[in-house]
Amino acid sequence: MHKVELDVSASSLEWSLDGKSLLMTFGGRNVSVLDMSKMSSTSLKKDVATVSIDINEKVGKCCFSPCGNYIAASVQGSTHNEGVIKLISTKDFSSKSLSSAYKFVCHTAPIRSIQFSNCGSTFVTSSDDGLVGVWNTKN
């Protein structure tokens, strides 16, 4: 058994498709990607994190795109508590800059779940507004 000691509890966990990385979100504004090959029987987050970035907004759920080039993060809207998706290029992780992040409003209430299709051509979101959104990534 392996374990990672965290300074706060994780609110969302997601494996990369290749199983080499673990995406973690924390109840606040932080997202970390952990390199699972660096884990020992007991590891500290700082020793296995390949990147920890501040999203600058309250983060809910996150997931990797099937190709691994993007992370989709649900964030709370700044004005009316709407459900917003932020697509973050994993290429931005080297600079810890989110300059190319794409952000759009999906729901009128916070997003509770997000998942990509296996082929990556669509993703779905669910929200407290009672709707399930199906989004095309090819446009």
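Below, each value reflects all heavy atoms present in this structure, side chains not excepted, and no hydrogens, waters or symmetry copies.
Closest of all the heavy-atom pairs between H107 and L131 is CE1-O, 3.5 Å. Between L87 and A72, the shortest heavy-atom contact is CD2-CB, 3.6 Å.
Under the side-chain hydrogen bond (donor to acceptor under 3.5 Å, both in side chains) criterion, D18 pairs with S16, sequence neighbours left out. The side-chain hydrogen bond (donor to acceptor under 3.5 Å, both in side chains) test applied to S127 returns D129, not counting sequence neighbours. Evaluation of the side-chain hydrogen bond (donor to acceptor under 3.5 Å, both in side chains) rule for S121 yields no partner, not counting sequence neighbours.
Under the 3.5 Å distance criterion, the side-chain polar atoms of S126 are left unmatched by any main-chain donor or acceptor of R112. A donor-acceptor pair is defined here as one N or O able to donate and one able to accept, closer than 3.5 Å; such a pair exists between the side chain of T25 and the backbone of S12. With hydrogens and angles disregarded, no donor-acceptor distance shorter than 3.5 Å links the side chain of S65 to the backbone of G120.
Atom CH2 in W135 sits 8.5 Å away from atom CD1 in I85 (nearest 0.5 Å). Note that CH2 of W15 is 11.5 Å distant from CG of L23, once rounded to the nearest 0.5 Å. Distance check, rounded to the nearest 0.5 Å: CG of L34 to NZ of K20 gives 16.0 Å.
Here the side chains of E82 and T108 are not in contact, with every heavy-atom distance at 4.5 Å or above.
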Decide yes or no on side chain to side chain contact (heavy atoms under 4.5 Å, CB included) for C106 and I111, but give the supporting numbers first.
CA-CA 8 Å; C106 296; I111 294 169; 4.2 Å; yes

Side chain to side chain contact (heavy atoms under 4.5 Å, CB included) between F104 and V84: does it pass, once the steps are laid out? CA-CA 6 Å; F104 59 98; V84 176; over 6 Å; no

- CA sep, side-chain torsions, deciding dist, call: F116, T137, side chain to side chain contact (heavy atoms under 4.5 Å, CB included): CA-CA 9 Å; F116 278 91; T137 62; 4.0 Å; yes

Mind running side chain to side chain contact (heavy atoms under 4.5 Å, CB included) on V33 and I71 for me, showing each step along the way? CA-CA 10 Å; V33 178; I71 289 173; 4.2 Å; yes

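Under the 4.5 Å side-chain heavy-atom criterion for Ile, Leu, Val, Met, Phe, Trp and Tyr, V132 and V105 are members of distinct hydrophobic clusters. V31 and F64 fall within the same hydrophobic cluster, where Ile, Leu, Val, Met, Phe, Trp and Tyr residues are linked whenever their side-chain heavy atoms come under 4.5 Å apart, directly or through other members.
Counting heavy-atom neighbours within 6.0 Å of L17 CG, excluding the residue itself, gives a total of 12 or less.
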